[in-house]
Amino acid sequence: MGKLPALAILVLFPAVAYAQTPTCDKLEGEQKQLARELLSTQHPYDCCDGTIIECLQEKPVCALAYRLAENICLRVADKQDRDKITRGLSRRARSMMAGKKSKIDLEGLSSVGKGGAPVTLVEYACARCPFCAKITPKLHEAVIEGVLKGKVKMYFKVFPIRGHSHSKETGLGFMAAVEMGRFWEFLMHSYENFDRFCIKRQFNWAEAAGMDKETFKQLVADPGVRDRVVASKKEGIVNKVEATPTFFINGRKFFGDMNFEEMIDILEEEYDRVKGIEYRK
Amino acid sequence: MNWRGHSWLALAARLYLGWVFVYACLHKIAYPGMFALDIATYDILPLWVINLAAVTLPWVELFAGAMLIVGFRVRGASLAVAGMMVMFMVAIVIALDKGLGMACGCFASQTTEEDPISFLTVLRDSGWLFLAVYVAIFDRNAIGIDRLQKKRRNPHG
Amino acid sequence: MSAEAKKQTWFSGLGTALRDAVLITAACSVMGLLVNLFHPEKIPYIAEEEYETLVPCPEPGGEVTPLEATDPSIHAEDTFIVDARRKPEHQVWKLRDAMSIPYDYLEPIPDQTLKELIRRTQKTGARRVLVYGDGKDPDSGEQAGREISGKGIKNVFFVKGGAPALKGPEPGGGP
């Protein structure tokens with residue numbers, strides 16, 4: 001009879017740990033098995049020395065361990081296989097723990113988000129990159145009025161991709177908008193109308209974003225503006241930007257999975273780190 | 001056109017193409033959601049078409065592939081395969097033109113590193129298109145069920 | 001061989017084949033739609049939310065191998081040399097009979113220039129293309145080499161340190 005309670009504890013023990021993150025708790029069958037295996041082999045890269053499952057049982061709970069557990073279970077629920085999940089986790093660790101910070105010149109650029117926000121997000125992007133057009137407005141919204149409000153301020157650096165048609169002209173357009181102090185308005189308008197683009201329209205878009213059309217035209221043709229775009233592109237190449245969008249979080253290149261939820265999670269993780277929030281309340 | 005060797009050459013092409021299509025569709029049939037995401041990534045079809053395509057297309061691949069293998073209604077099946085090949089190639093060319101560094105989504109849901117699209121993908125697909133068109137034009141007396149049926153209908157032919 | 005068989009053209013029987021193709025597609029589509037009803041991984045027929053598809057757009061380019069400025073293969077006869085610096089710099093100094101292809105960070109190398117490069121490498125029987133640039137960080141030679149290699153030209157190298165490394169210290173200690 002004495003064996004039964006012990007057996008029950010053994011069976012229930014992982015379940016107790018699972019009850020700590022909502023997504024892990026919902027998994028069933030093979031998915032639950034895979035999540036359990038990953039949680040008991042992967043280690044958080046900060047804050048706690050044990051495996052994630054061990055860290056979840058400590059009190060107070062390491063915030064990063066909880067975050068990673070939830071991330072693993074979300075990936076499992078998304079039907080990612082073991083290799084893909086471990087690759088994603090190691091890329092995430094690489095993004096967050098890389099020692100070297102890149103030099104990024106932010107002078108003269110306008111940011112969105114509160115000036116005092118402790119996390120600086122820099123995006124290198126091309127005006128004609130379809131996925132930049134999707135993720136940038138979402139991040140913009142999150143930084144201004146969403147979960148990242150007060151936590152993150154965001155900058156944009158022009159990186160025209162040679163393979164995109166009209167990347168040069170639109171890159172010059174973005175930089176002209178920087179010069180005219182209407183950058184984010186112009187960017188949002190351009191990305192909103194991404195599929196309706198034709199080269200002549202960008203002058204109308206400049207007007208719609210509150211700029212004087214003629215001044216904008218002159219700036220697009222200005223060698224000084226061109227030099228700034230070239231300088232931005234060169235800086236990106238030095239910082240190993242090989243595709244757009246490429247993000248830098250507090251100067252460290254982001255290698256993680258390119259999806260909105262993951263980015264939000266990682267930016268919040270960085271906020272916790274800068275603020276010294278190590279444990280969950 | 002009436003050379004007997006065509007049937008044998010076409011048989012080899014059919015078995016190969018059939019295998020490619022049957023193999024390609026299995027993962028898509030098992031995981032329609034992942035295939036829908038692959039289709040959506042091409043950023044061509046409107047949202048309301050994506051899931052319908054993801055649910056139906058793999059079954060066309062399966063049956064057209066299987067029909068090529070067993071030799072049933074071979075010309076129709078090869079035309080269906082050719083039509084799909086043209087569709088896939090157009091999609092890949094559009095994605096390449098947009099400069100997307102994405103996975104092909106042609107077989108199992110592979111990552112971009114494992115199966116990125118490039119002009120080689122278009123070249124590979126045009127090879128398969130050529131085989132399908134060859135079968136459609138030259139395989140008039142397909143070895144398999146078609147030939148058996150013909151013999152049964154016309155035992156002295 | 002029957003007379004009917006002899007009359008066959010490329011397009012004979014195409015109507016039947018097309019009809020079959022349409023029937024196969026229609027029947028399989030209906031089947032797919034029905035199977036989805038009972039599929040353990042079933043999805044709604046019409047997607048309710050936009051798919052989140054985030055795929056980065058890579059800067060096009062290919063493999064390019066670095067070479068030290070002292071590498072003897074730079075001076076080999078079967079090496080075709082490309083100068084990626086700006087025209088005025090090229091006019092002041094160039095290595096041997098280097099072809100000038102100024103690298104622009106915003107605009108791709110024109111197709112016409114690439115065709116000319118291919119024509120000249122074939123004419124001279126060159127086995128490798130060596131690009132040198134301004135030697136800065138980033139180096140225009142490395143970037144141009146990447147772009148040339150990405151266009152399908154094989155054996156593309158670039159000189160580490162670019163033109164300044166090739167020139168070496170100027171006589172009289174000048175810049």
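Just so it is clear: chains get the letters A, B, ... in the order the sequence lines come, proteins before strands, and each one is counted from 1.
- For Arg162(A) against Leu106(C), the heavy-atom pair with the smallest separation is NH1-N, 3.9 Å.
- Taking each heavy atom of Cys57(C) and Ile161(A) in turn, the nearest pair found is O-CD1, 3.4 Å.
- Heavy-atom proximity under 4.5 angstrom to chain C picks out Ile237(A), Val238(A), Glu242(A), Ala243(A), Thr244(A), Pro245(A) from residues 235-250 of chain A.
- Against chain A, the residues from residues 58-67 of chain C that qualify, each with a non-hydrogen atom under 4.5 angstrom away, are Pro58(C), Glu59(C), Pro60(C) in number order.
- For Arg94(A), the CZ atom counts as loosely surrounded, since its 6.0 Å shell holds 12 or fewer non-hydrogen atoms of other residues, nucleotides or ligands.
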Using a 3.5 Å cut-off and no angle test, enumerate the donor-acceptor pairs between side-chain atoms of residues 151-161 of chain C and protein atoms at least two apart in sequence or in another chain.
from	atom 1	to	atom 2	distance (Å)
Asn155(C)	ND2	Arg127(C)	O	3.2
Lys160(C)	NZ	Glu68(C)	OE2	3.1

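- The NZ atom of Lys234(A) sits 6.0 Å away from the NZ atom of Lys136(C) when rounded to the nearest 0.5 Å.
- Against chain C, the residues from residues 221-233 of chain A that qualify, each with a non-hydrogen atom under 4.5 angstrom away, are Arg226(A), Val229(A), Val230(A), Lys233(A) in number order.
- Counting non-hydrogen atoms of neighbouring residues, nucleotides and ligands closer than 6.0 angstrom, the CZ atom of Arg82(A) reaches no more than 12 such neighbours.
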